Amino acid sequence: MPQSPQNAAPAPLQVTNLAKTYAGGRGVRDVNMTLMPGSITGFIGVNGAGKSTTLKAIIGLLQPDSGEVRLFGEPASFAARARLGFLPEERGLTPRERARDAIAFHAQLKGLSRGAAYRRADALLERIGLAGRTRARISELSKGNAQRVQILCAIAHEPALLVLDEPFSGLDPIAQAELQSLFSEFRSGGGAILFSTHSMAVAERLCDHVVILSQGRTVFEGPVADAAAHAPHGVYVTLDDDAALLEVVSALGGQAEAFPSKMSNALRWRVILPRNVAYPALMRGLAEKGLAIHGFEPIQADLEGAFWSLAGQDRALQPAQKAAA
Amino acid sequence: MRRLWLIARREIAAYASLPTFCLALMTGPALFLLTRLASLSDRPHGPPVAAAQTVELRSADEGLRAAVAAAIGEANASGATHLEVVNPDGRRAPDTVVSLAPSTEKRLSILIQGEAVPSVAASLMRQAVTSKMQQRILVRAGVPESAVDDAAEVSVDVAVTRPPAAAAAAIAEASARVARFAVVMLLWMNLVGSLGMLLQAIVRERSHRALEGLLAATRPSEIIFGKLLGVGLLSLLVLAAWLGAGVGVASGPLAGAGAGFADMVLGAFKAPDNLALAAMVYLMAYGMYGSAMIGLGAAARDLPSAQNLSRPIFGVLLLVFFLALSQLNASGPGFGWMLWLPPLTPFVLMMAKPGALSVGEIVGAFVLMGATTAAVGALASTALSERRPWPWKAAAAAAA
């Protein structure tokens, strides 16, 4: 049984060698992750990497082809999933339902008594500043408030594990901050959170751990700080003469990938250099060619850089020689 | 079970809180009341009265004129005519002039000018004049007048009718057919309405993107049977209101004892045993069709595609309507094998004549409906969730 090293409690979630293939070949091939109690884990990957498929398999909405999902040390079962809260990517509530009733309904589905469910609903609505709107129907709430009510539905039964698919999408900055505060509160109570996101800034600010998914496989799992170490050694360069750049990069043994630039007649390049090649060498090479450099910015050793390095394989970084050809 | 009931209660709240639900509840009672009131207003209040018509009798023969006047009086007394005999004084123009002109002792011409005299009066006139002329011949031949008067009083009544028992049986049979049709149509209307509610209930979750959240907290079968239960209870409430109104109108102070169509329809509500059987059959039909409807709703991504997918079911229900209609005719086709065709089973059970199906057949039909509900419910669960593969896909994968 997997144990968390901190307090010997079973890991709230452990996914081992998970695979699920859809018709057409999409899906996940080898996903692995372990969540610790009292931690927030970011689940990162490009669109189509398999994040939602993995989350659905954890929740039990999908039957994986192979691999195992364990919840709280036991094979995932319907009973074990009662301790889990889920916010799907496709969010919505019945418009005619009242906010208070919706939250209490979901809490009761997860086992709370009717009285306890309504008390909890009232407390949560007060917590997000909607105490005066308990009788409001979902259709009468703003989109942001309706989304917040949906998040409350996921946590109403006080789960030990929260699985959230893109919880920050569609929220304004204030609601995002409020949600982050809720997350922190949940973590300090010993709960574990797994959430998928495209926002590296949010993941870096909020998460203890990250799981990076690329082409259906886990390519990194660990603390955020460790992930940053995977950030590549390189620079963003903006200039006019692409052929000359590729020649210099190739000579240094590096790789380059072009991005469209807002500047006319100029391309922004992401240049990855061997670890033993310092930035000045690239700059010197470009200067020797007499190129006009519009921008030269070293890639930060942060989560975004690491993500590019680990998951950017999906975008097929071109070797400089090949691109030049 | 608790989650199932929570989902059912949520469905009940979703529909019962709508003001328009009252419309569904009250439609049946209103229809029954209107049917009864319409049948009361159609009832005859007395014999039909013909339009008043003035008749002038012209004849040189006082006896013949008196005989025709007597015949007109007789026709008026029967209520079939309203003829007024007027004198030829010229002060009032008659509608009709009847001229009686004997050409010989044995022949007489009657000329009717103006408005046509009702056939009842014409027949009586012909009979009265003929009788008068025959009496004269007999008197002239020496037959005593008393004997002639006695002969004139002879009357023969001829009535043509069916044997009473056969007529009663025919009326009873027709009434029973109409009554069965009325109950089937009542269940049919309620079923169609409930299936629409069920389709909405499942598509609503999908279109509002609430299904995934629900599936994360419950089993697909709990969603299916929870919705079936919730909408089913509402549907039973509507059915009870309709049947109750039918019973009330059929046996209350407005009840009629006639043999009109309304009385035949309302006659269906005078047999509690049949109504109890109808309610049981309805529940089975609702379970069977309802799980199919939920499955289709689950397979659809939105309301338009759900409506398209549900058309075959409503097509079957239309077929059922015409089958039931065909049974209104005594010489209509029988059902035979259709009892064992699950979509038709509940309606065949309801439309079959009493005693036409054996106990074994009835039990078998109920088992068939139960098994179909379970099978369709399992397929609907699969459609609702991505968790389990379709049976044929699983079989293909196993074979591979």
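Order of the sequence lines sets the chain letters (A, B, ...), proteins ahead of strands, with each chain counted from 1. These figures come from a predicted structure and were not determined experimentally.
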Quiz item: For B/Met185, does the CE atom have more than 12 heavy-atom neighbours from other residues, nucleotides or ligands under 6.0 Å away?
Solution: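 Enclosed.
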Quiz item: Within a radius of less than 6.0 Å around CD of A/Glu140, do more than 12 heavy atoms belonging to other residues, nucleotides or ligands occur?
Solution: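 More than 12 heavy atoms, drawn from other residues, nucleotides or ligands, come within 6.0 Å of this atom.
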Self-check item: Heavy-atom proximity to chain A below 4.5 Å, by part of B/Arg3
Solution: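 B/Arg3 touches chain A through backbone and side-chain heavy atoms alike.
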Practice problem: For A/Lys110 and B/Ala217, work out which heavy atoms get closest and say how close. | Solution: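 For A/Lys110 and B/Ala217, the tightest heavy-atom pair comes out as CE-CB, 3.8 Å.
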Practice problem: Would you confirm whether B/Arg2, through its side chain, and A/Gln108, through its main-chain N or O, come within 3.5 Å as a donor-acceptor pair? | Solution: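 The answer is yes, because a donor-acceptor pair under 3.5 Å joins these two groups.
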Quiz item: What option among A/Leu112, A/Asp101, A/Ile138 has the most heavy-atom pairs under 4.5 Å with chain B?
Solution: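 The candidate making the most pairs under 4.5 Å is A/Leu112.
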Rounded to the nearest 0.5 Å, what separation is found between the [atom1] atom of [X] and the [atom2] atom of [Y]?
X        : Y        : atom1 : atom2 : value
B/Leu214 : A/Phe86  : CG    : CZ    : 12.0 Å
B/Leu6   : A/His106 : CG    : NE2   : 11.0 Å
B/Arg10  : A/Leu109 : CZ    : CG    : 8.0 Å

Quiz prompt | For A/Arg137, all residues meeting side-chain hydrogen bond (donor to acceptor under 3.5 Å, both in side chains), sequence neighbours excluded | solution =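 Result, side-chain hydrogen bond (donor to acceptor under 3.5 Å, both in side chains) vs A/Arg137: none returned.
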Scan the side chains in residues 236-246 of chain B for donor-acceptor partners under 3.5 Å anywhere in the protein, sequence neighbours excluded, and list what turns up.
unit_1   : atom_1 : unit_2  : atom_2 : d
B/Trp242 : NE1    : B/Ala24 : O      : 3.1

